[in-house]
Amino acid sequence: MAKKTSGAQKAAYLFLALCCGALLAFAGWRVYGIYGPSKITVSGVPYGLPAGTSIARGDAPDMANAMAKSPVQVQTELRRATELFHSGVYNSAYDIFDGIVALYPDLLPAVWGEVNTMFEMDQLSDNQRDRQALLIGKLQGRFPGSGIAAYLDSRNFYTAGNEAAAMELARAAVEKAPSLVEARLWFAQLLMNNSRSIQASGELRTVISLSNGDVPKAYELLAEIYHQNGELDSCSAVVEYALTQYPMNVRLLLLQGFLNEYQGHFDAAEKIYQRILAFRPDFSQARDAAATLGEKTPPGPGAGIAMSPQDRAQTAYDILEPLVERYPENLPLREALGRAYVKGRNFDLARQQFQMIQKADPEYPEIQQRLQDCNVVRVAPVVKNDGLTANLNRAIDSLRGTNAPATKHDFSTMLGHYLVRYGATPKEFFKKYSISNFRPVAKNVWQESFYTAPYMHTYTVVFDSLNHFREVHVVVFDSSSNSNHFGMAPEVYSRLLKQNSRISGIGNSTGETDCGDGLVLDAAVWETQDNFELMARVVGKSAEVRMIRFDKSALPPGLKLCDYTRYLNQY
């Protein structure tokens, strides 16, 4: 009997021990979860890591928390500087970050942003180099031996030309601070430089997940990896998605242009390059891409051999010359042949075709520019290609009597002529015009932009404090002026003046008016009982036209021409 009791006691003790062990294990797991290394669980972001993936935070500081503790106005400026940084406008971003750091020297997001901006700037002045060294020393003193310190050392070593040391320090930075987005992005760039594309892709996907898709450069580099490897379907998918998030990203647009060229869509590719140059005239890669249009071949294994412009032009001659002979009165067809001659550098033959067009129709679109192009002797051996495939398609379409594809705005709604009454609510306005085409730029202010070769249009719609539609501001920029070989003023003002006169009737020209401080306006006015329109150009800024359309009752009485300058330049 005693033996049975002893056995039962041992079983009970064993059971209690197991229960206590389980409780201790559970308590330890909870304590580790609270006080141990913290982790970040990412959500599902396109081209990021699988949803639910956990990433250790490491010793990376909480930038978001530090930013949230700053004044609201400072938070707004920090976000604006960050957007400029991601858009590649580094000088403007630097100015904002530097101004914030001057007021708040210990505000980590501002110091961090200024340092990273200076890393990306092409050139630094001596003062900026000293400033950079000072801020780097400040950060490394604040976070000694951390992932931030290793990342900053990596950037310094790379600048000094020691890429091997930069790679090892970048790896250390990622290991110490796995959630530090800038370190992972930098590590991915170094991996790409060393042709380690698979590992670089993994780092970029992690950046996309950690940033919740808010770092466009990660998409740029991921698409570039696919492009370099010849995986054009994957590259196209990344570019297509990323451009929905960042429609004005010049590097993504450049890749989109390349992809169009590989498919033979040369006209579409050129429009993309011109669109880039419309808002980034200094972006040399787009200018080079336009200059070598039609000569690119897909990268990666199995890439073909590019045809020369002359070879491609000869193919067009063989198709177009018999068609022009058969349909001599078809001017678009004759224009296509003339442009084909330009591609093949047969300028005399091209000039003959364009002169015949001019004789038949002096108002034929851009015929003067075509004739000018024939008179230009270019130094470079490469001739800009407009896309012969698209030219042939347009010629065949003209034979069928079809019209060119409609743009986002038809004729009656160009130049901000929205078919909505003044005083309409936003609900009424966006019932007629899709809100997806607009972005908010201020309270009660919405803006849309689109490109119709060669003009970049920006229309800003303003509602008053009671949310009633009141005014429209228009800016049109002529990207073709960047390649005007004769230094002549482009015809954008005259052309838009004529276009608006067809919509609103003949306006009253003001002539050139000196507004002081070197500002001379040339303008035209349209005025009715309810509507007021003013189109103007600044003498000396020939590529840009600005226009305002107002509910007349919203304008102060007694304004003179120069008083409208503040409205013209408001957006």
Side-chain angles (χ1 to χ4, degrees), residues 247-248 274-275 278-279 406-422 424 426 429-430 432-435 437-442 444-464 469-481 489-510 513 515 519 521-528 530-539 541-552 554-555 559 561-571:
M248 305 301 281
Q274 293 298 340
R275 181 186 177 195
F279 55 90
T407 58
K408 185 175 179 177
H409 284 263
D410 62 25
F411 176 80
S412 63
T413 61
M414 291 295 282
L415 301 177
H417 285 268
Y418 295 101
L419 304 180
V420 177
R421 62 180 177 82
Y422 289 123
F429 185 93
F430 292 119
K432 191 167 186 64
Y433 297 96
S434 174
I435 197 172
N437 295 332
F438 293 78
R439 62 185 181 91
V441 294
N444 298 334
V445 181
W446 296 79
Q447 192 173 83
E448 68 165 339
S449 298
F450 62 95
Y451 182 75
T452 303
Y455 302 141
M456 183 67 187
H457 295 251
T458 301
Y459 299 167
T460 306
V461 179
V462 181
F463 297 84
D464 62 19
F469 175 50
R470 185 185 67 186
E471 63 195 78
V472 177
H473 299 250
V474 173
V475 181
V476 181
F477 183 84
D478 182 7
S479 62
S480 67
S481 64
E491 294 295 321
V492 56
Y493 178 74
S494 300
R495 185 170 297 176
L496 296 183
L497 182 63
K498 183 176 180 180
Q499 183 179 20
N500 199 61
S501 296
R502 291 173 62 192
I503 300 174
S504 300
I506 302 301
N508 296 316
S509 175
T510 64
T513 304
C515 294
L519 178 66
L521 286 181
D522 185 10
V525 175
W526 294 262
E527 190 170 2
T528 65
D530 303 313
N531 184 56
F532 176 87
E533 298 175 20
L534 172 68
M535 177 181 289
R537 71 179 182 94
V538 175
V539 176
K541 295 176 67 175
S542 56
E544 184 179 281
V545 173
R546 290 180 175 265
M547 181 176 173
I548 50 175
R549 294 185 59 243
F550 267 96
D551 179 355
K552 192 176 178 182
L555 283 173
L559 293 179
L561 176 64
C562 294
D563 297 329
Y564 290 103
T565 305
R566 67 185 184 93
Y567 294 108
L568 290 168
N569 295 328
Q570 191 169 0
Y571 298 101

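Hydrogens, waters and symmetry mates are skipped; everything else that's a heavy atom, side chains included, is used. We're numbering straight along the sequence, starting at 1.
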Trainee: Which atom names give the shortest non-hydrogen contact between T565 and C562, and what distance separates them?
Mentor: OG1-O, 2.8 Å
Trainee: State which residue, out of I548, V472, V462, V474, fulfils the side-chain contact (heavy atoms from CB on, under 4.5 Å) condition with Y571.
Mentor: V462
Trainee: Quick one: do D478 and Y493 satisfy side chain to side chain donor-acceptor pair (under 3.5 Å)? Show the steps, please.
Mentor: CA-CA 9 Å; D478 182 7; Y493 178 74; over 6 Å; no
Trainee: Do R549 side-chain atoms and G416 backbone N/O form a donor-acceptor pair below 3.5 Å?
Mentor: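 Checked: pair present.
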Trainee: Show the nearest heavy-atom pair for residues N437 and E448, with the distance to one decimal.
Mentor: O-CB, 3.1 Å
Trainee: Is the backbone N or O of D464 less than 3.5 Å from a side-chain atom of N444, with the two atoms forming a donor-acceptor pair by type?
Mentor: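 Yes, the answer is positive, given that a donor and an acceptor are paired below the 3.5 Å cut-off.
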Trainee: Parallel, tilted or perpendicular for Y459 and H457, by the 30°/60° rule?
Mentor: perpendicular
Trainee: Do L419 and K432 touch side chain to side chain, with heavy atoms closer than 4.5 Å?
Mentor: yes
Trainee: Restricting to non-hydrogen atoms, name the atom on V475 and the atom on R546 that form the minimum distance, rounded to 0.1 Å.
Mentor: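 Between these two residues, the closest heavy atoms are CG2-NH1, 3.2 Å.
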Trainee: Are F450 and Y455 close enough that their ring centres sit under 6.0 Å apart?
Mentor: no
Trainee: So, do V441 and W446 sit near enough that their side-chain heavy atoms are less than 4.5 Å apart?
Mentor: no
Trainee: Evaluate V539 against R537 for side chain to side chain contact (heavy atoms under 4.5 Å, CB included), listing each step before the verdict.
Mentor: CA-CA 6 Å; V539 176; R537 71 179 182 94; 4.3 Å; yes
Trainee: Hey, could you give me the CD/CE distance between Q274 and M456, rounded to the nearest 0.5 Å?
Mentor: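 Here the interatomic distance stands at 13.0 Å.
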Trainee: Anything under 30° is parallel, anything over 60° is perpendicular, the rest tilted; go ahead and classify F429 against F463.
Mentor: perpendicular
Trainee: Quick one: which of F550, W526, Y422 gives a side-chain contact (heavy atoms from CB on, under 4.5 Å) with N531?
Mentor: Y422
Trainee: Ignoring hydrogens, what is the shortest heavy-atom contact between M535 and V545? Give both atom names and the distance.
Mentor: CG-CG1, 3.7 Å
Trainee: Closest approach of R275 and P247, non-hydrogen atoms and distance?
Mentor: NH2-O, 3.6 Å
Trainee: Does the side chain of L561 reach to within under 4.5 Å of the side chain of L534, using non-hydrogen atoms?
Mentor: yes
Trainee: How close do Y451 and A278 get, counting heavy atoms only, and between which atoms?
Mentor: CE1-CB, 4.1 Å
Trainee: Decide yes or no for Q499 and L496: does some side-chain heavy atom of the first lie under 4.5 Å from some side-chain heavy atom of the second?
Mentor: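 Yes, close enough: below the 4.5 Å cut-off.
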Trainee: If the threshold is 4.0 Å, N to carboxylate O, is there a salt bridge linking D530 and K552?
Mentor: no
Trainee: Pair E527, E533 - check side chain to side chain contact (heavy atoms under 4.5 Å, CB included), show working.
Mentor: CA-CA 6 Å; E527 190 170 2; E533 298 175 20; over 6 Å; no
Trainee: State, with a plain yes or no, whether a side-chain heavy atom of V538 is found less than 4.5 Å away from one of L568.
Mentor: no
Trainee: Step by step, would you call V445 with V461 a side chain to side chain contact (heavy atoms under 4.5 Å, CB included)?
Mentor: CA-CA 6 Å; V445 181; V461 179; over 6 Å; no
Trainee: Would Y433 and F438 satisfy ring-ring contact (aromatic ring centres under 6.0 Å, His included), going step by step from the backbone distance to the final call?
Mentor: CA-CA 9 Å; Y433 297 96; F438 293 78; 7.4 Å; no
Trainee: What is the distance from atom CG of L415 to atom CG of N500, rounded to the nearest 0.5 Å?
Mentor: 5.5 Å
Trainee: So Y418 and T413, do their side chains get closer than 4.5 Å, heavy atoms only?
Mentor: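 The answer is no, as the side chains (C-beta and beyond) never meet within the 4.5 Å cut-off.
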Trainee: How many angstroms lie between CG in L555 and CZ in R470, if you round to the nearest 0.5 Å?
Mentor: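 Between L555 CG and R470 CZ, I get 9.0 Å after rounding to 0.5 Å.
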